[in-house]
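Read the numbers this way: they start at 1 and go in the same order the structure lists the ligands and their atoms.
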Amino acid sequence: MKKRILFIDRDGTLIEEPADEQIDSFEKLKFVKGMFRNLAFIREKLDFDFVMVSNQDGLGTDAFPEDTFWPVHNFILQTLAGEGITFDEILIDPHFPEDNAPTRKPNTGLVEKYIQDTEHYDIENSFVIGDRETDRTFAQNIGCKSLILSDENMSWEKISEILFAGERIAEVKRTTKETDIHIKVNLDGTGKCDISTGLGFFDHMLEQIGKHGMIDLTIHTKGDLEVDEHHTIEDTAIALGECILNALGSKRGIERYGYSLPMDDCLCSVALDFGGRPWLVWDAEFKREKIGEMPTEMFLHFFKSLSDAAKMNLNIKAEGQNEHHKIEGIFKALARSLKMAVKRDIYHYELPSTKGML
Ligand SMILES: [Mg+2]
């Protein structure tokens, strides 16, 4: 079987990077929070080769004499080794940025032998773990994936979770005579949304799910709006539900349940269970016929379709005066509830059910 590699950055990733970006004394040495536990877990449980790739600008020049670098570097390696974290190879580039060296990240000179050796290495499913945009570019240049610590919602906990339990990304394309839908979700995202359904208010509501659920959400729906809004809203809900269910995968290690709190003038609560049995309790009354171009009678229909397709129990209650606030509160509460329920714990990586299936 081909080996996968973790190309691991040093400064800002294993150890904290000081303001002058140069670790040339023990006083500047501080390990990154959560790194030891999670990297040791990855080393022990998973079959990745560990390759450290680090730019050390001007190493060996007067600006960064070698005798200020190696004692600290060796101490770092010894300390990591003490926790079981060893490297298969350590690659250091000593050039300044202005040298434009082919070996300096994000250039790939130092790791070219791995990229070329397609017989032994699965580069496509390897990862760069770093802390900067240049680490992301480095991954793109290599042709592998990246996990970047400076990204919102990213941490050493999240890195070990994704490497151990897999990414939770799913895509659904659904075309009928009435609608043409493309949905993509990443349950471990940062809340990035790209949503267009042709219904401005509906887009605004769906965006709440992404933003407040920390879920990357792409939803492109082209529906028969010349007839009415019904198919567009219903089919989007079905496809979104399917997509969430697919992304959840085995459901191992998830919290399973989610609940939420009151918001603003409205009390909106969305309790959910990913137990595999769809059910909807809907206790929210709307007096207006439409909000934006969205018929309020379609709200219930949206959540029913979503609950059926995602096989989740949804219990929704809302009270309050302002109709816009009320429905926005429901979507926000759903988002928070989803965020709680999909949270995974890889150190208790079990199915959250006494029945042994969900
Ligand atoms: Mg770095």
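Between Leu334 and Ile330, the closest side-chain pair of non-hydrogen atoms is not below 4.5 Å.
The name of the N, O or S atom in Asp131 nearest to the Mg ion (ligand 1) is OD1. Among heteroatoms of the N, O or S kind in Asp9, OD2 lies nearest the Mg ion (ligand 1). When the N, O or S atoms of Asp11 are ranked by distance to the Mg ion (ligand 1), O comes first.
Checked against the 6.0 Å centroid threshold, Phe7 and Phe48 do not count as a close aromatic pair.
With respect to Phe50, the side-chain contact (heavy atoms from CB on, under 4.5 Å) criterion is satisfied by exactly one of Ile42, Ile129, Ile5: Ile42.
When atom types are taken as modelled, the side chain of Lys332 and the backbone of Ile209 share no donor-acceptor pair closer than 3.5 angstrom.
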